[in-house]
There are 2 protein chains.
Amino acid sequence: MKPTAFPRQDARTLSDDGDEFSFCSTCAFSQACMAEGMDKRSLMDLHVLVEHIGPFHAGDHIFRVGDPFEAIAAVRAGTVKTYVIDRDGREHVLGFYLPGEVIGLDAIDGETYPCNAVALDTVMLCRFSFPKIAVLATRLPGLQKHLFRLLSRDIGRAALLAGDWSADQRMAAFLVGLSRRLAARGFSPNRFQLTMARTDIANYLRLAPETVSRVLRRFQKDGLLDVDRRELELIERDKLEDLAEPVLRA
Amino acid sequence: MKPTAFPRQDARTLSDDGDEFSFCSTCAFSQACMAEGMDKRSLMDLHVLVEHIGPFHAGDHIFRVGDPFEAIAAVRAGTVKTYVIDRDGREHVLGFYLPGEVIGLDAIDGETYPCNAVALDTVMLCRFSFPKIAVLATRLPGLQKHLFRLLSRDIGRAALLAGDWSADQRMAAFLVGLSRRLAARGFSPNRFQLTMARTDIANYLRLAPETVSRVLRRFQKDGLLDVDRRELELIERDKLEDLAEPVLRA
DNA sequence: CGCGTTCTTGACTCACCTCAAACACAGTGG
DNA sequence: CCACTGTGTTTGAGGTGAGTCAAGAACGCG
């Protein structure tokens, strides 16, 4: 018997959190909807269908290929990796999701998830039942606009993989991209953790793990950054941005 | 003064063609809509907003980056190449459009075309005013469905470029892809013309022109195909399909 | 401590790119 | 009719970026 995706049994209910309007401040989904012009009343409609779930621990699966699609989820804390296994048994990393970002969007046009999602560290989520949020979106243009924007942003991010960029350019674009996304959520843009393994980065960037290792080392030797195990500090951000520029603007 | 994209002055009007229901049989757009369950009456609505334009000759531009988006167009005859020029002045070929395929779809979410479209040989088009067809689509689910399908198909085709496939795999996938698309329009699947230059193929596949040349030559030496200048015949179709398989199923 | 996993490092290999030159063909003009 | 020119294509020689293979190092964990 296959376990249900996004188990609801460990969901904390709204009442556990006290104040209905601050409890999801780290979830960022509703914040963005506010920015799209949603009012407080609509926000409350949104909040009643949110479930906080987690924690998931490193290696825990959030959903798997073929699980029935019932919900999308905003990452509140931690990092989620999505991937597929091709028919030759090789893993392909599709993306990493940081706090504030939404997983499950690529399942919208099907009835099951097209990929696996796994926690890379301790992950907390805000679960949104998709049928419910879709109905709500028909009433709330701000919500609909936000959903569309999330979708198109996800599609655009694939451009990082296309193109015949060098290993240096890919790596720089990856780091700058992470940095910007973290900064957008209020984290330090220049000092952060690589929560994913080198092999995952390599797989995502379509490089060999050894190449990732070497490029990071060379970047360090050249004073562009400082890396110690998974701890990372960007030193010469400008130079990294320059390297990444042709990739990120594609 | 910038010339208007899709000049309407050389459009032939409906009445020039005699029978309203057969005149656009080569355009294939309406055929596909029929297949999506559209009835004859609806098809007539569609036909009254079609304009036949052309001929465009090799090198003629159909639209350019920044031209106001007014219409999509189905290729009736010939081949269209779309491309952009990056800010370093380098050309990037985005795609080739064969008879029966639709150009301009990527402009839908903006108000101008995001790329250039140029005729590679003598091109005839069916022009559809987009505002008009969009309104019509709200009444005709078959049309809307077809438009959505065209869009998602276009997005999916980008997968050929992503992935770190070998030159052989890319080339095979390109040829098999062309062959299938031509076959779908009733052309011979195994004997056709490469209407685009080697440099365009190379650019599209992100290979050096010399590599394209060499791979074709080797395929010929190995008996997979026969190529003479731009004339092409696929001999061992199966082997090419095998080579292309991992690329095309991605 | 031993053990497994992740990461690093070095040596080697290879596919593809780059550079350079020859070639084929179309169009042009003498 | 034939050079002349330009563009597109082919071919060869050489270089190189990144993959592969293999071994070692650093840490986390039982």
Side-chain angles (χ1 to χ4, degrees), chain A residues 57-59 79 81 88 90-93 118 120-122 161 163-175 193-222 225-232 243 246-247, chain B residues 57-59 79 81 83 88 90-93 96 118 120-122 161 163-175 193-222 225-232 243 246-247:
Chain A
H57 301 288
T79 314
K81 173 182 89 170
D88 302 334
R90 280 187 295 263
E91 175 175 341
H92 293 266
V93 175
V118 64
L120 294 183
D121 47 10
T122 301
L161 298 175
D164 53 346
W165 313 112
S166 71
D168 287 17
Q169 288 173 314
R170 282 166 195 265
M171 197 65 220
F174 176 69
L175 296 177
Q193 272 221 33
L194 295 172
T195 48
M196 61 294 289
R198 298 284 192 275
T199 51
D200 287 335
I201 300 176
N203 189 313
Y204 176 65
L205 297 177
R206 299 177 195 283
L207 298 171
E210 295 93 328
T211 302
V212 169
S213 200
R214 276 187 261 265
V215 171
L216 281 177
R217 175 136 294 270
R218 188 155 31 76
F219 280 178
Q220 182 166 35
K221 190 166 63 68
D222 297 348
L225 51 75
D226 196 47
V227 58
D228 172 39
R229 192 142 178 79
R230 296 198 174 178
E231 213 63 46
L232 190 89
L243 260 175
V247 181
Chain B
H57 300 290
T79 314
K81 174 182 88 170
Y83 69 98
D88 302 334
R90 279 188 297 264
E91 176 175 338
H92 292 266
V93 175
F96 303 104
V118 63
L120 294 183
D121 47 10
T122 301
L161 298 175
D164 53 347
W165 314 111
S166 71
D168 287 17
Q169 287 173 314
R170 281 165 196 266
M171 196 67 220
F174 176 69
L175 296 176
Q193 272 220 32
L194 295 172
T195 50
M196 60 295 289
R198 298 284 193 274
T199 50
D200 286 334
I201 299 175
N203 189 314
Y204 176 64
L205 297 178
R206 300 178 195 280
L207 298 171
E210 296 93 328
T211 303
V212 169
S213 200
R214 277 186 258 264
V215 171
L216 281 177
R217 174 138 293 271
R218 188 156 32 75
F219 280 178
Q220 182 167 36
K221 189 166 64 66
D222 296 347
L225 51 75
D226 196 48
V227 59
D228 173 37
R229 192 145 177 75
R230 296 200 173 176
E231 213 64 46
L232 190 90
L243 261 174
V247 181

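All chains are named by letter (A, B, ...) in the order of the sequence lines, taking the proteins before the strands, and each is independently numbered beginning at 1.
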K.L.:
Working to the nearest 0.5 Å, report the span between CZ of B/R90 and CG of B/N203.
P.N.:
10.5 Å
K.L.:
Taking atom P of D/dT11 as reference, at what distance in whole Å does atom NZ of B/K221 sit?
P.N.:
11 Å
K.L.:
Taking N or O atoms only and anything under 3.5 Å, show me the protein contacts with nucleotides 18-23 of chain D, one pair per line.
P.N.:
| unit_1 | atom_1 | unit_2 | atom_2 | d |
| --- | --- | --- | --- | --- |
| D/dA18 | OP1 | A/A167 | N | 2.8 |
| D/dG19 | OP2 | A/A208 | N | 3.0 |
| D/dG19 | OP2 | A/T211 | OG1 | 2.4 |
| D/dT20 | O4 | A/R214 | NH2 | 2.9 |
| D/dC21 | N4 | A/E210 | OE2 | 3.1 |

K.L.:
Using 0.5 Å steps for rounding, measure from the CG atom of A/L175 to the CG atom of A/L194.
P.N.:
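With rounding to 0.5 Å, CG (A/L175) is 6.5 Å from CG (A/L194).
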K.L.:
Within this structure, what is the CD-to-P distance between B/E91 and D/dT7, rounded to whole angstrom?
P.N.:
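Those two atoms, CD and P, are 15 Å apart.
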K.L.:
What is the minimum heavy-atom distance between B/Y204 and B/V93, and which atoms define it?
P.N.:
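Smallest heavy-atom distance, with atoms named: CD1-O, 3.7 Å.
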K.L.:
What distance do B/K81 atom NZ and B/D200 atom CG have between them, rounded to the nearest 0.5 Å?
P.N.:
3.5 Å
K.L.:
Going 5' to 3' along DNA chain C, which nucleotides are the first and last within contact of chain B (any atom under 4.0 Å from a heavy atom)?
P.N.:
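Under 4.0 Å from chain B, the extent on DNA chain C is C/dC16 to C/dA20.
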K.L.:
Determine whether a donor-acceptor pair (N or O, by modelled atom type, separation under 3.5 Å) exists between the side chain of A/R206 and the backbone of B/D164.
P.N.:
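A pair under 3.5 Å: no.
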K.L.:
Can you check the B/L194 CG to D/dT9 P distance for me, whole Å?
P.N.:
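The distance from CG of B/L194 to P of D/dT9 comes to 9 Å, rounded to the nearest Å.
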K.L.:
Quick one: pull up OG1 in A/T79 and CD in A/Q193 and give me the separation to the nearest 0.5 Å.
P.N.:
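It comes to 8.5 Å.
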K.L.:
Which pair of non-hydrogen atoms, one from A/R198 and one from A/R229, has the smallest distance, and what is that distance?
P.N.:
NH2-O, 2.8 Å
K.L.:
Measure from CZ on B/R198 to C1' on D/dT11 and round the result to the nearest Å.
P.N.:
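Whole-Å distance recorded here is 14 Å.
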K.L.:
Can you tell me if A/R229 touches the phosphate of D/dA26, counting only side-chain N or O atoms and a distance under 4.0 Å to OP1 or OP2?
P.N.:
no
K.L.:
Round to the nearest Å and state the distance from A/R230 atom CZ to D/dC27 atom P.
P.N.:
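Distance check: A/R230 CZ to D/dC27 P gives 14 Å.
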K.L.:
Strictly distance-based, threshold 3.5 Å: is any side-chain N or O of B/Q169 a donor or acceptor partner for the main-chain N or O of B/S166?
P.N.:
yes
